[in-house]
Amino acid sequence: MPTEDNFYLRVFAVVRRIPRGKVATYGQVAALAGTPRAARIVGWALRTQAKKDVPWHRVLNTSGMISIENMNAPKEEQARLLELEGVVIERKAGNLFVDLKKYGWSAIV
DNA sequence: AGCCTGACTCGGA
DNA sequence: CTCCGAGCCAGGC
């Protein structure tokens, strides 16, 4: 697998392709980026560049739950951004969930 | 160059 | 069904 910055670029490119009002999982983005097992790297990539021109808030874990707890990007902020796009956020036990069946994005476009 | 850590995931107990 | 552990890739120290 490539170990260049291109991986990041690909990740960003994939994330940018996520339509407004839709969400994708880390694993999915990683797969689209060319490395199915690099879900963690995706999160990392987003974390290093978060708050740029990439809709990082559209990326969630495989459960549709926001894993962020005490990071630079508060989950509340992510929830707000998603709600602005029409995505319904479900709050359960202090965690934020998104209905992937409804808002999940299909890579096959 | 080597070890630790992490916005993840999957599989077994 | 829930909890715990191992696997994975890349970056930081």
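Labels below follow one simple rule: chain letters A, B, ... track the order of the sequence lines, proteins then strands, and each chain is numbered from 1.
- Of the candidate nucleotides B/dA7, C/dC9, B/dC10, B/dC10 has the atom nearest to the side chain of A/Thr62.
- Between A/Thr25 and B/dC8 there is no side-chain N or O to OP1 or OP2 distance below 4.0 Å.
- Taking atom CE on A/Met65 and atom P on B/dC8, their separation rounds to 8 Å, with Å as the unit.
- For A/Ala39, the side-chain contact (heavy atoms from CB on, under 4.5 Å) partners are A/Tyr26, not counting sequence neighbours.
- Every side-chain hydrogen bond (donor to acceptor under 3.5 Å, both in side chains) that A/Glu85 has, sequence neighbours left out, goes to A/His57, A/Arg58.
- Spacing between atom CH2 of A/Trp44 and atom P of B/dC4 amounts to 15 Å, rounded to whole angstrom units.
- Distances from the side chain of A/Tyr26 to the nucleotides B/dC10, C/dC9, B/dA7 place B/dA7 closest.
- Here B/dA7 presents its C1' atom at 13 Å from CD1 of A/Ile18, a figure rounded to the nearest Å.
- Look at CG on A/Leu46: it is 17 Å from P on B/dG6, rounded to the nearest Å.
- For A/Lys92, the side-chain contact (heavy atoms from CB on, under 4.5 Å) criterion is met by A/Glu90, A/Phe97, not counting sequence neighbours.
- Rounded to whole Å, the distance from CG on A/Leu32 to C1' on C/dC9 is 17 Å.
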>> One pair to check against side-chain contact (heavy atoms from CB on, under 4.5 Å): A/Thr62 and A/Gln28. What are the steps and the verdict?
In response: CA-CA 9 Å; A/Thr62 192; A/Gln28 186 170 14; over 6 Å; no
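- The CG-C1' distance, from A/Asn6 to C/dA10, rounds to 14 Å in whole Å.
- Considering only residues two or more places apart in sequence or on other chains, A/Arg16 meets the side-chain contact (heavy atoms from CB on, under 4.5 Å) condition with A/Phe12, A/Asp53, A/Val54, A/Pro55.
- The CZ-P distance, from A/Arg47 to B/dA7, rounds to 5 Å in whole Å.
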Under 3.5 Å, which N/O atoms of the protein pair with N/O atoms of nucleotides 1-8 of chain C?
residue, atom, partner, partner atom, Å
C/dG7, O6, A/Arg40, NH1, 2.9

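- Here B/dA7 presents its P atom at 19 Å from CG of A/Leu81, a figure rounded to the nearest Å.
- A donor-acceptor distance shorter than 3.5 angstrom exists from the side chain of A/Asn61 to the backbone of A/Gly64, with no hydrogens or angles considered.
- Shown here are the side-chain contact (heavy atoms from CB on, under 4.5 Å) partners of A/Arg80, two or more places apart in sequence or in another chain: A/Glu77.
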